[in-house]
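Right, one structure below, let's go through it.
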Amino acid sequence: MAHDSSSSDSDYYVDWNSDDDMEIDNLIQTKKSLELVQRGFSDEMFATLVDMGFSIDMIARAIKETAGSSKSNTIDHFLGMGFDEEKVIKAIQEHGEENMVQIANALADAEKQPVVKEEDDIDWSSSDDEINYSNMLVSDDEDSNSFPGNNNKLRSLVKMGFSELEASLAVQRCGDNVSIAELTDFICAAQMARESSEFITDPEEQKPRHDVKKMRSESKRESMPYTDDVPVSLPNPMIGFGIPNCPGLITHRPLPYLARGPPYFYYENVALAPKGVWETMSRRLFDIAPEFMDSKYICAAARKRGYIHNLPISNRFQLQPPPKFTIHEAFPLTKKWWPSWDKRTKLNCIVTSKASAETTKKIRLALEAHNGEPPLSTQRHVISQCKKWNLVWVGRNRAAPLEPDEMENLLGFPRNHTRGGGVNRIERYKSLANAFQVDTVAYHLSVLKPMFPTGLNVLSLFSGIGGGEVALHRLQIPMKIVVSLEISEVSRNILKDFWKQTNQKGLLIEFEDVEHLSNQQIEELMEAFGGFDLVIGGSPCNNISGLNRVSRSGLVGEQSALFFEYCRILDVVREKTARMRR
DNA sequence: AATATAATGATTACGCCA
DNA sequence: TGGCGTAATCATTATATT
């Protein structure tokens, strides 16, 4: 048996490669059968993928995708990243579909100045409207100095067909000393990004605006008229803009101008939401395309989450040491009891519900009924239970649910992080189920480190047990001020305890309900501390999670509706930041 | 009274195949 | 393209136990 433990217990660190020769043989077999060599996949590349712990299925699927068996998937993949469709098609034609990396790089190069007019492939002169528009741009640019103040600019923009909201937002975000041309570019880029990345469901947004649709050249696919219902699709594999040290990393993306910081913001929620939820969230958060990432590509447990943020995505780096990547690495002691027919290398998502002791007992009895290998039907049933309840093998024929300690480990928290503050077991389970996967979040936040060498001010909403704070701490990014909003007293205590335990130099200010934080309070806090550099938080998923059988009512649900509180607070911080910077 | 346990489906997405 | 099976899923609440 491959996993029958002849190895001693000296190995807390398991050598993945030497330990899974069988698996690698299988991989090589798969590789040959897929004729990868013909497709230009070098052994090196393959070995790299294996080293990174990718499963047979993943590699096979990735190869199938890049081999051109499903062209729409390749296109969709990059469209999902927010790239322009024409550019994607062009890049694929130039580089061939089999090389996703080159395509990605080409797209990234083209987008280095994201959504800026010169590089854009939009045919500005394909209709009369655009000629007029271009002329207006030029003339206004020349005359822009003659406008004494914002009112005239606003009036001009409205005259040109932009809504008052768009115009005032543009002026607000761009500041005083910009020309009309820049403002129109600003708005237009925002419109285009909005249309290309997401669809529009709000009737208010559907009213005809400045003929952006007409500007689109007719080379677009007729079947995709770029109207309203372009759903947010989940990437497969769910790797966001890419995972550390992996080919296919996307380092640039078009970010709608209205979405730009400061402040930076970072929003999180479950990826597997009811239809329409992510579309709404994206639209409300400045039409940023969500970054969907499954933490199983970072650590040993799945955690499918969507992240909407306006952070740069180049030069990300991973926390050190990187988390254990497989179940065996994370929990070496389970290896001894792990049946050879349980092929799991990753755990499922950590949730609040826990398997009963009865489940463990039934599994044990079912296995004890046989000597040696149980029949296939028993195996299937046991595996099914293990996956359903996320069990690990802790003894002979004994599969048990995870302990809070083990969850902390998987999620990247310090050991006993949730033990402080007089926390009972149930609360620990609950708060951990609602927490960030720290390494994943830290990977996204890592770009902040060189930008804020002296530290940053953080507004942390729905802080929970402080996943964001732990991520920043582990990144060694100083937190000068953390204003934290968390309704659970237990969770507040945990964060407070963490703050003390880690000897934070900065100031932690804890509030309770986000709904009780008034706009005025926010502004006062910002004036007192010099503003916030980062607004971070994941709003409640109670009414969104697939595990909720009682009230999965989406964003209108009692708890999940607090998403709009996140938006309210973020809006206030953004506006105040803009004012403070003038 | 506080805490631990156990029962309670539906909504998605995706791969397969006709 | 569409039907069908497989799979996963930051949960809630009534009931049992201490």
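The shown structure was predicted, so the numbers you read here are calculated from the model rather than taken from an experiment. We name chains A, B, ... by the order of the sequence lines, and we start the count at 1 in each one.
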Length of the line joining Met238(A):CE and dT12(B):P, which is rounded to integer Å: 15 Å

Give one of base, sugar-phosphate or nothing for Cys541(A), where a contact means two heavy atoms less than 4.0 Å apart. base

Separation of dA7(B) C1' from Arg549(A) CZ (nearest whole Å): 8 Å

Pair His309(A) and Tyr267(A), ring centroids less than 6.0 Å apart: no

Atom CG of Asn236(A) and atom P of dC14(B) are separated, to the nearest Å, by 6 Å

Can you give me the closest heavy-atom contact between Val482(A) and Glu469(A), atom names plus distance? CG1-OE2, 3.6 Å

Assess whether one donor atom and one acceptor atom, taken from the side chain of Ser545(A) and the base of dA11(C), lie less than 3.5 Å apart. no

How would you label the contact of Leu234(A) with the nucleic acid (heavy atoms, under 4.0 Å): base, sugar-phosphate, or nothing? sugar-phosphate

Strictly by Watson-Crick or wobble contacts shorter than 3.5 Å, is anything paired with dG2(C), and which nucleotide is it? dC17(B)

Compute the centroid of each ring, for Tyr266(A) and then for His444(A), and state whether the two points are separated by less than 6.0 Å. yes

What nucleic acid atoms does Lys388(A) come within less than 4.0 Å of, heavy atoms only: base, sugar-phosphate, or nothing? nothing

Touch class at under 4.0 angstrom, heavy-atom based, for Ser353(A) against every strand present: base

Taking any heavy-atom pair under 4.0 Å as a contact, classify Gly464(A): base, sugar-phosphate, or nothing. nothing

Rounded off to whole Å, could you give me the CD-to-P distance for the Gln437(A) and dT9(C) pair? 14 Å

Under 4.0 Å between a side-chain nitrogen and a carboxylate oxygen: does that hold for Asp405(A) and Arg428(A)? yes

Would you mind classifying the nucleic acid contact of Ser560(A) as base, sugar-phosphate or nothing, using non-hydrogen atoms under 4.0 angstrom? nothing

Nearest whole Å is fine: how far is dA7(C) P from Lys387(A) NZ? 6 Å

